[in-house]
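Each remark here refers to the structure printed beneath this line.
One is the number of the first residue; the rest follow in order along the sequence. Computed from a predicted model, the values in this text were never measured in an experiment.
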Amino acid sequence: MKNLIAVPVLFVSIIILSCLSSCNKPDTSPDKPREQQVVGEWFIERIQLKIYYNNVFAKDTIIARAPKPKNFALFDASNSFAYCFNSYTTDAGTYQFKGTDSLICTTPSKIYHWKTLTLTADIFTVVSTSTNDPAFPGAKVETYQTFAR
């Protein structure tokens, strides 16, 4: 009797799983150059800091999000850049790719040097490293940022 019930349940489960997996849209972003993939508005989902003193890991923290009104990075096709995180003002400037994985965004108030970790149609992750962060004197700070559409 148990086998008679198990067979239909297994059959229905296979059908449901095949429907769910066939509905996923394939990621075609690797087919486009990074200069096209990055264009558009990205919402800043997370900023994580890893802090090291004398090359010894000391702290891992995530900066709380407080959008005023929203946290975003905007890249347009003409290399214009805008960035806003937990602020009422937006940094605006230009961006350019260097080498195989570097992205440099220049604004009047700051230069963002990012190494690209992931770039797909829906997610964009970068890291930057600093040894002169005023909030952590004497520390090496790795700043990981996750952007999503």
Side-chain angles (χ1 to χ4, degrees), residues 9-53 55-149:
V9 169
L10 179 62
F11 182 70
V12 170
S13 298
I14 290 172
I15 291 174
I16 290 172
L17 285 173
S18 65
C19 287
L20 290 176
S21 65
S22 67
C23 294
N24 292 338
K25 183 179 173 185
D27 181 13
T28 60
S29 58
D31 300 337
K32 296 179 184 175
R34 63 185 176 178
E35 291 82 2
Q36 290 178 3
Q37 290 181 52
V38 77
V39 172
E41 183 175 34
W42 297 86
F43 296 99
I44 303 171
E45 293 296 322
R46 179 172 135 160
I47 297 180
Q48 177 181 4
L49 304 178
K50 291 187 178 185
I51 302 156
Y52 299 85
Y53 289 97
N55 291 324
V56 176
F57 177 75
K59 185 177 184 179
D60 187 0
T61 187
I62 295 173
I63 299 176
R65 292 178 9 186
K68 300 173 184 176
K70 64 181 179 177
N71 294 330
F72 70 94
L74 179 64
F75 302 88
D76 76 8
S78 63
N79 290 1
S80 292
F81 168 75
Y83 182 90
C84 186
F85 183 77
N86 291 353
S87 176
Y88 290 109
T89 60
T90 300
D91 283 339
T94 60
Y95 72 94
Q96 65 178 325
F97 286 97
K98 292 278 189 171
T100 59
D101 61 359
S102 292
L103 176 61
I104 300 170
C105 304
T106 306
T107 69
S109 62
K110 185 173 182 175
I111 297 175
Y112 301 88
H113 291 271
W114 290 327
K115 177 181 176 186
T116 303
L117 301 175
T118 308
L119 179 55
T120 69
D122 300 318
I123 193 163
F124 180 28
T125 58
V126 296
V127 64
S128 62
T129 304
S130 172
T131 55
N132 59 0
D133 189 320
F136 304 100
K140 178 178 106 174
V141 180
E142 293 176 349
T143 304
Y144 294 85
Q145 295 195 49
T146 303
F147 306 102
R149 291 202 202 257

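Judged by distance alone, with hydrogens and angles left aside, the side-chain atoms of Thr90 form no donor-acceptor pair with the main-chain N or O of Ala92 at under 3.5 Å. With hydrogens and angles disregarded, no donor-acceptor distance shorter than 3.5 Å links the side chain of Asp122 to the backbone of Arg149. For the pair Gln37 (side chain) and Lys32 (backbone), a donor-acceptor distance under 3.5 Å is present. Between the Tyr95 side chain and the Ala82 main chain, no donor and acceptor come within less than 3.5 Å of each other. Remark: the backbone N or O of Ala64 is paired with a side-chain donor or acceptor of Asn86 at under 3.5 angstrom. No donor-acceptor distance shorter than 3.5 angstrom exists from the side chain of Thr94 to the backbone of Asn79, with no hydrogens or angles considered.
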Practice item. Could you check Gln145 against Tyr83 for side chain to side chain contact (heavy atoms under 4.5 Å, CB included), going step by step and ending with a plain yes or no? Key: CA-CA 12 Å; Gln145 295 195 49; Tyr83 182 90; 2.8 Å; yes
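To the nearest 0.5 Å, the span separating CZ on Phe72 from CD1 on Ile44 amounts to 8.0 Å. Note that NZ of Lys98 and OG1 of Thr100 are 13.0 Å apart. Values are rounded to the nearest 0.5 Å. The distance from the CD1 atom of Ile104 to the OG atom of Ser128 is 12.0 Å, given to the nearest 0.5 Å. Atom-to-atom distance recorded for Phe97:CZ and Cys105:SG is 8.0 Å, nearest 0.5 angstrom. A distance of 11.0 Å separates CZ of Phe147 from CG of Leu119, quoted to the nearest 0.5 Å. Interatomic distance, OG1 of Thr125 versus CZ of Arg46, reported as 10.5 Å (0.5 Å rounding).
Residues passing the salt bridge (charged side-chain N to carboxylate O under 4.0 Å, His left out) test with Lys70, sequence neighbours excluded: Glu41. For Arg34, the salt bridge (charged side-chain N to carboxylate O under 4.0 Å, His left out) test picks out no residue, with sequence neighbours left out. With sequence neighbours excluded, no residue satisfies salt bridge (charged side-chain N to carboxylate O under 4.0 Å, His left out) with Glu35. Residues satisfying the side-chain contact (heavy atoms from CB on, under 4.5 Å) test with Asp60, not counting sequence neighbours, are Gln48, Lys50, Phe57.
Residue Ala121 comes nearest to Trp42 through the heavy atom pair O-CH2, 4.0 Å, listed as atom of the first residue, atom of the second, then distance.
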Without placing hydrogens or testing angles, list every side-chain donor-acceptor pair under 3.5 Å for residues 108-117, not counting sequence neighbours.
residue : atom : partner : partner atom : Å
Ser109  : OG   : Asp91   : OD1          : 2.9
Tyr112  : OH   : Asp91   : OD2          : 2.6
Thr116  : OG1  : Asp101  : O            : 3.4

Acceptor/donor pairs from residues 131-140 side chains to any protein atom, 3.5 angstrom cut, sequence neighbours excluded:
residue : atom : partner : partner atom : Å
Asn132  : OD1  : Ser130  : OG           : 2.8
Asp133  : OD1  : Ala135  : N            : 2.9

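Between Phe81 and Phe75, the ring centre distance stays below 6.0 Å.
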